[in-house]
Amino acid sequence: MNEQHLSKRLQKVVSYLPEGTRLADIGSDHAYLPCYAVLNGQASYAIAGEVVEGPFQSAKKQVEKLQLAEQIHVRKGDGLSVLTAEDQIDTIVIAGMGGSLIRSILEKDPSKLAGVKRLVLQPNLAAHKLRSWAETNQFALIAEAILMEDQKIYEILVLEKTEQPVHYTEKECFFGPFLLAEKNEAFRAKWLHEKENWQKIIQTIEEKSGAHAENQPKLKELTHKIQLVEDVIV
Ligand code: SAM
């Protein structure tokens, strides 16, 4: 992968950027995504934010090598703290992290989202935490994608600022309203795999410690999640 050839996952993320956007890529690693977006005219300006020194240096080198330092500013810092009002960022990408971490980045400094119109989020797990965050933060899902690359399955959530109330049912929050409507191959593979895992965990708990009261909440939660999967995948 490089700034010319992104992974299938990041290519899909880029496809959701509005034309000529002012982009922030938080957790930018090598800055491949903002470089690609600027080189292809999808972003007119970008901030690549990175909290760890090594990836921050890699991102800086990459931007300098491509002589894109005027359009792409690489900044070191935690989450949205690297953004200023003057940047006039309208789209934020946060990709390749867990849903809980992405949610904590969004929650840490909500004022930084003031002018932001679109979020393109790619959680590696626990996407439901972002859908429930959206419900209480005036963002609504406008699209979702799920795809397989190198035997891994990735979900992408695209959210836009809204003034309307946002509510997702338990199943919509868990599976994703757009993904649920489509139920493509990757979706089925992901949830059947999760279901098998949960079944194995239940079996292990029951074999090891049987029907101890302290196990009941966990067993109940896993059984409920298995039921949700069985309800949507027949
Ligand atoms: N976004 C790229 C992608 O999707 O390929 C890189 C993903 S990499 C697995 C996650 C990156 O996010 C790492 O470089 C890590 O240092 C950075 N990161 C983690 N927490 C962060 C935070 N709070 N603020 C900024 N960057 C963060």
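Whatever order the structure lists them in is the order used to number ligands and atoms, beginning at 1.
Within the structure, the closest approach of His30 to ligand 1 does not fall below 4.0 Å when heavy atoms are considered. The shortest heavy-atom distance from Ser104 to ligand 1 is not under 4.0 Å.
The option with the heavy atom closest to atom 26 (N) of ligand 1, from among Gly54, Gly27, Pro55, is Gly27. Distances from atom 15 (C) of ligand 1 to the heavy atoms of Glu53, Lys108, Met97, Glu50 show the closest one on Glu50. With Val82, Val13, Val51, Ile94 as candidates, the residue nearest to atom 27 (C) of ligand 1 on a non-hydrogen basis is Val51.
A distance-only check finds no donor-acceptor pair linking the side chain of Arg22 to the backbone of Ala43 [under 3.5 Å].
Within the listing of ligand 1, atoms 22 (C), 23 (N) sit less than 4.0 angstrom from a heavy atom of Ile105. Using a 4.0 Å cut-off to heavy atoms of Gly96, the atoms of ligand 1 that qualify are 4 (O), 9 (C). Interface atoms of ligand 1 facing Gly77, defined by a heavy-atom separation under 4.0 Å, are 24 (N), 25 (C). Applying the 4.0 Å criterion to heavy atoms of Val52 picks out, from ligand 1, the atoms 16 (O). Those atoms of ligand 1 that come under 4.0 Å of a heavy atom in Asp78, given as number and element, are 22 (C), 23 (N), 24 (N). Short contacts between ligand 1 and Asp29, defined as distances under 4.0 Å to a heavy atom of the residue, involve ligand atoms 6 (C). Proximity to Leu10 (heavy-atom distance under 4.0 Å) selects the following atoms of ligand 1: 4 (O), 5 (O).
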Next item on the list: Applying salt bridge (charged side-chain N to carboxylate O under 4.0 Å, His left out), run through Glu155 and Lys190 and close with a yes or a no.
Entry: CA-CA 10 Å; Glu155 285 180 56; Lys190 175 191 166 87; 3.2 Å; yes

Margin query: One pair to check against salt bridge (charged side-chain N to carboxylate O under 4.0 Å, His left out): Glu230 and Lys195. What are the steps and the verdict?
Written below: CA-CA 9 Å; Glu230 288 176 348; Lys195 183 180 130 178; 3.2 Å; yes

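Shortest contact from atom 7 (C) of ligand 1 to any protein heavy atom: Ala95 O, 3.6 Å. Considering only non-hydrogen protein atoms, atom 4 (O) of ligand 1 sits nearest to Arg9 NH1, 2.8 Å.
Ligand 1 has a nitrogen or oxygen under 3.5 angstrom from a nitrogen or oxygen of Gly79. Below 3.5 Å of separation, one finds no N or O of Leu101 facing any N or O of ligand 1.
Ring centroid separation for the pair His73 and Tyr45 comes in under the 6.0 Å cut-off.
Taken to the nearest 0.5 Å, the CG atom of Leu119 stands 9.5 Å off from the CG atom of Leu130.
Closest heavy-atom contact between Gly79 and Ile105: CA-CG2, 3.8 Å. Shortest non-hydrogen contact noted between Leu141 and Tyr168 is N-OH, 2.8 Å. The minimum heavy-atom distance between Arg118 and Tyr16, with the atom names listed, is NH1-O, 2.7 Å.
Counting non-hydrogen atoms of other residues, nucleotides and ligands closer than 6.0 Å to NZ of Lys129 gives a total of 12 or fewer.
Relative orientation of the Trp191 and Phe175 rings is perpendicular, given thresholds of 30° and 60° on the angle between their planes.
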